[in-house]
Structure formats: structure tokens, C-alpha cells
Amino acid sequence: VNGDTVEFGICKDDDDTICKGRITMKPTKEQTGLVKGCQVGTTLLIEDGIMEVRVVEKVSDTELKVEVIRGGWLKARKGVNVPDIEIDCAALTEKDIEDAEYLLQLDPPCEY
């Protein structure tokens with residue numbers, strides 16, 4: 001609901017999932033870097049900007065409290081964009097590198 005404050009953070013374990021009033025993400029390097037880089041006032045865009053939340057409190061490097069600016073029905077595995085911060089992690093994920101190495105081994109190699 002617009003104006004509500006909810007928790008936003010990294011999953012503590014496999015049983016820590018999205019529930020009413022809480023948005024969680026898997027503890028990858030990228031997700032951890034995203035949350036760590038946020039400060040009070042940072043805007044987070046969810047599901048291609050359909051939903052928008054703003055950080056009102058940084059609880060820790062793995063958890064934030066955010067105010068819902070533009071809400072919606074949040075489904076699992078939706079993207080989070082934070083256009084105003086630089087995330088402290090590599091541009092390519094480990095999976096990206098593995099996929100690229102696999103594609104280069106194909107005969108003929110995959111070209112784009």
C-alpha cells in the first residue's frame with residue numbers, strides 16, 4: 001500500500017521468504033552489494049519500475065526499511081534497479097562468465 005513502510009533485505013536462510021511487509025532477496029554478491037550501497041533517500045525500482053520504494057532507514061548492510069511510493073502486487077524473481085548508486089561488485093556475475101566460456105567452446109563458436 002502506498003505510504004506503508006516495509007522491510008527490504010537479504011534472506012537470512014532458505015526459510016526467510018517474501019511475506020506481507022517484507023521483501024527479501026537471495027544472498028548473492030550483487031544483491032548484497034545493492035543493499036549495502038543504499039542510503040536513506042535512495043530510490044529502488046522494482047519490476048522494471050512498475051513499483052517504487054524509497055529507503056527511510058538503513059538497519060544494517062543487509063537490511064533496509066523502505067517506504068512504498070508506488071506499490072503493486074509483488075511476485076517472486078522480479079528485478080530491482082537502483083539508478084542512483086554504484087554497486088560494489090563486478091559487472092559480470094560468475095554465471096555470466098561461465099556462460100560466456102561455454103559459448104566460446106562451441107564449434108563453431110557462438111557469435112553475436
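All values below come from the heavy atoms of this structure, side chains included, with hydrogens, waters and symmetry mates left out. Throughout, numbering of the chain's residues begins at 1 and tracks the sequence.
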Ile87 and Glu30, any side-chain heavy atoms less than 4.5 Å apart:
no
Are Val53 and Ile85 connected into the same hydrophobic cluster when the rule is that any two of I, L, V, M, F, W, Y join if their side-chain heavy atoms are below 4.5 Å apart?
yes
Within the 4.5 Å heavy-atom criterion, are Asn81 and Leu44 side-chain neighbours or not?
no
Donor-acceptor check, side chain of Thr42 to backbone of Gln39, threshold 3.5 angstrom: yes or no?
yes
Starting from Val66, can I reach Ile50 by hopping between I/L/V/M/F/W/Y residues whose side chains sit under 4.5 Å apart?
yes
Tell me, with the steps shown, if Val80 and Leu34 meet side chain to side chain contact (heavy atoms under 4.5 Å, CB included).
CA-CA 9 Å; Val80 177; Leu34 183 149; 4.1 Å; yes
How long is the straight-line distance from CD of Glu52 back to CD of Glu47, given to the nearest 0.5 Å?
14.0 Å
Do Leu64 and Val35 have side chains that approach each other closer than 4.5 Å (heavy atoms only, starting at C-beta)?
yes
Restricting to salt bridge (charged side-chain N to carboxylate O under 4.0 Å, His left out), what partner residues turn up for Asp96, sequence neighbours left out?
none
Can you tell me if Arg70 uses its side chain to pair, donor with acceptor, with the backbone of Gly49 under 3.5 Å?
yes
Could you check Ile69, Val68, Ile46 and say which one makes a side chain to side chain contact (heavy atoms under 4.5 Å, CB included) with Met51?
Ile46
Taking side chain as C-beta onward, heavy atoms only, is Thr43 less than 4.5 Å from Val82?
no
So which residues get pulled into Ile97's cluster when ILVMFWY side chains under 4.5 Å apart are joined, directly or through others?
Leu92
Output all residues satisfying side-chain hydrogen bond (donor to acceptor under 3.5 Å, both in side chains) with Lys58, sequence neighbours left out; order by chain, then residue number.
none
